[in-house]
Structure formats: C-alpha cells, structure tokens
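Heavy-atom basis, side chains included; hydrogens, waters and symmetry copies ignored. Not measured: the values here are computed from a predicted model.
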Amino acid sequence: MRAFTAAAVQVAPVAGPLTPESITANLDKLVDFTRRCVEATGAELVVLPESATTGFTPDCSTEELWELVSELPGPVIAPLRDVAAELGVHLVAGTYERGPAPEIVYNSSVLIDPRGELLGVYRKTHPFCNEAVSGGGWVTPGDTVTVCDTELGRIG
C-alpha cells in the first residue's frame with residue numbers, strides 16, 4: 001500500500017419519479033462531479049454515495065426497480081466505467097443491481113479500476129429493516145463481503 005488521495009463525493013439524486021431519464025440524469029451528474037473532484041483534488045480513489053444512480057428510496061415496486069436497473073457490469077454503471085478510465089482513477093459507486101428474477105434487487109457497491117474494468121461488487125448484507133424485502137422494502141440482502149487487491153492497496 002502507498003499513500004494516495006481519496007475523496008468522497010456527496011450528491012443528491014435528481015428529484016421526481018424514478019425513470020430511465022432520471023437514472024441517466026443521475027449518471028450524468030455523477031460523471032460531472034467525479035471529473036470536478038479529480039480536477040480539484042487529484043484523487044486516485046473517488047467514492048460516490050450509496051444508490052447514487054437512483055437515489056436511496058426508489059418509490060416504486062421491486063419489480064419496477066428491477067426493470068430500471070441492470071446486471072453488473074451493465075448499462076447502469078457504463079458511464080462510471082468510462083469516466084474512471086478517462087481519468088485513470090479507482091471509483092466506488094452505489095447502485096441498485098438487477099438480480100436473477102424480478103423480485104430480486106440488490107443494493108450494491110461497485111469498485112471500478114483505472115482502466116474502467118469492474119473489479120468487484122459488494123451486495124449490502126445488512127439492509128435497513130424498511131429497505132429489506134423481509135421488512136416490506138425492495139432489497140434482497142447479499143451474503144458475502146468483497147475485498148479487491150488494487151495498486152492502492154486492498155479495498156473492501
């Protein structure tokens with residue numbers, strides 16, 4: 001492990017109902033904030049918020065959310081992979097992830113390397129009670145942790 005600059009970016013999701021257009025607008029905002037962050041700080045690791053592509057509370061059914069997001073890797077993180085490669089940085093971002101069936105959506109966090117490759121996916125193992133499907137929410141818990149070896153060190 002070596003010394004490096006890490007930066008966390010806080011950004012509010014686009015207001016209004018969750019649609020393909022609002023997800024695109026959120027992604028555009030995340031790409032812009034990532035560029036601005038790296039320009040201002042020289043960060044080599046940029047961490048974006050949980051569920052940054054959609055906002056934390058999707059205000060739709062699990063099945064509707066499943067239709068709006070994608071598997072990973074997939075279109076829901078493609079612009080983030082592109083900006084990580086463009087800037088040559090490691091990028092962590094939260095997104096909802098489409099599971100194997102419409103009743104399964106994960107609250108996931110991805111680690112993207114400086115080439116834009118997806119290094120790892122963590123599926124939140126302990127969602128809030130009202131977020132979890134078992135509590136009437138929209139998220140199926142993950143069942144593993146993810147730790148990735150990078151040139152910066154181990155990131156988990």
Side-chain angles (χ1 to χ4, degrees), residues 6-39 43-125 127-128 131-133 137-152 155-156:
V9 174
Q10 186 64 8
V11 57
V14 173
L18 188 60
T19 64
E21 294 77 21
S22 67
I23 292 172
T24 298
N26 286 329
L27 285 164
D28 291 346
K29 188 187 277 194
L30 294 168
V31 166
D32 177 54
F33 273 65
T34 299
R35 284 188 181 121
R36 291 168 49 194
C37 173
V38 171
E39 181 180 323
E44 295 176 76
L45 171 64
V46 178
V47 181
L48 300 173
E50 179 178 12
S51 54
T53 61
T54 57
F56 183 75
T57 307
D59 197 28
C60 61
S61 72
T62 302
E63 292 78 9
E64 290 168 321
L65 181 57
W66 188 88
E67 288 291 335
L68 289 167
V69 297
S70 68
E71 297 85 10
L72 296 175
V76 76
I77 63 163
L80 302 176
R81 292 177 68 191
D82 292 344
V83 77
E86 171 194 326
L87 300 172
V89 299
H90 290 83
L91 184 63
V92 175
T95 185
Y96 288 116
E97 174 191 2
R98 181 182 289 183
E103 64 276 4
I104 300 174
V105 172
Y106 302 106
N107 182 342
S108 298
S109 182
V110 298
L111 174 61
I112 302 166
D113 76 8
R115 295 176 310 280
E117 298 298 319
L118 181 63
L119 286 182
V121 177
Y122 166 71
R123 294 175 177 152
K124 190 174 182 180
T125 56
F128 293 107
E131 173 190 16
V133 169
W138 55 96
V139 170
T140 296
D143 59 6
T144 61
V145 296
T146 302
V147 178
C148 300
D149 290 314
T150 75
E151 63 190 51
L152 302 175
I155 298 176

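- One distance of note links CH2 of W138 with CG of D59; it measures 9.0 Å at 0.5 Å rounding.
- Put simply, the side chain of R123 does not reach to within 4.5 Å of the side chain of T144, judged on heavy atoms.
- Taking the six-membered ring where the residue is Trp, Y96 and F56 present tilted rings, their angle falling between 30° and 60°.
- Side chains of V139 and V133 form no contact here, defined as non-hydrogen atoms less than 4.5 Å apart.
- The backbone N or O of T54 sits nowhere less than 3.5 Å from a side-chain atom of S51 that would complete a donor-acceptor pair.
- Using a 4.5 Å cut-off on side-chain heavy atoms (C-beta onward), V83 and L91 make contact.
- Scanning both residues, A132 and P127, for their nearest heavy atoms gives CB-CG, 3.9 Å.
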Q: Begin from the C-alpha positions of V46 and H90 and carry the test side chain to side chain contact (heavy atoms under 4.5 Å, CB included) through to its verdict.
A: CA-CA 6 Å; V46 178; H90 290 83; over 6 Å; no
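- In terms of heavy atoms, A43 sits closest to A7 at CB-CB, 3.8 Å.
- Of the possible donor and acceptor atoms, one in the side chain of R98 sits under 3.5 Å from a partner among the backbone N and O of W66.
- Of all non-hydrogen atoms in I112 and A84, the two that sit nearest each other are CG2-CB, 3.7 Å.
- Side-chain atoms of L118 and L111, non-hydrogen and from C-beta on, never get closer than 4.5 Å to each other.
- Taken to the nearest 0.5 Å, the CD atom of E97 stands 10.5 Å off from the CD1 atom of I104.
- Taking 4.5 Å as the limit, some side-chain heavy atom of N107 sits within range of a side-chain heavy atom of E50.
- Atom-to-atom distance recorded for T95:OG1 and I23:CD1 is 7.5 Å, nearest 0.5 angstrom.
- The closest side-chain heavy-atom distance from V92 to S109 is below 4.5 Å.
- Under the 3.5 Å distance criterion, the side-chain polar atoms of T125 are left unmatched by any main-chain donor or acceptor of G142.
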(Q) Does R115 form a side chain to side chain contact (heavy atoms under 4.5 Å, CB included) with R81? I'd like the steps, not just the answer. (A) CA-CA 8 Å; R115 295 176 310 280; R81 292 177 68 191; over 6 Å; no
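- P79 places none of its side-chain heavy atoms less than 4.5 Å from the side chain of I77.
- Looking at E64, its side chain does come within 3.5 Å of a backbone N or O of S61 through a donor-acceptor pair.
- In this structure, the separation between CG on L45 and OG1 on T150 is 8.0 Å, given to the nearest 0.5 Å.
- Defined by atom type and a distance below 3.5 Å, a donor-acceptor pair is missing between the side-chain atoms of E21 and T24.
- Across every non-hydrogen atom of C148 and G120, the tightest pair is SG-CA, 3.8 Å.
- The closest donor-acceptor contact from the side chain of D32 to the backbone of D28 lies at 3.5 Å or more, if one exists at all.
- Atom OH of Y122 is separated from atom CD1 of I155 by 16.0 Å, given to the nearest 0.5 angstrom.
- A donor-acceptor pair under 3.5 Å is absent between the side-chain atoms of K29 and the main chain of T53, judged by distance alone.
- Residue E86 holds its CD atom at 10.0 Å from OG1 of T34, rounded to the nearest 0.5 Å.
- Using a distance-only test at 3.5 Å, with no hydrogens or angles considered, a donor-acceptor pair links the side chain of T146 to the main chain of V121.
- In this structure, the side chains of L18 and L68 come closer than 4.5 Å at one or more pairs of heavy atoms.
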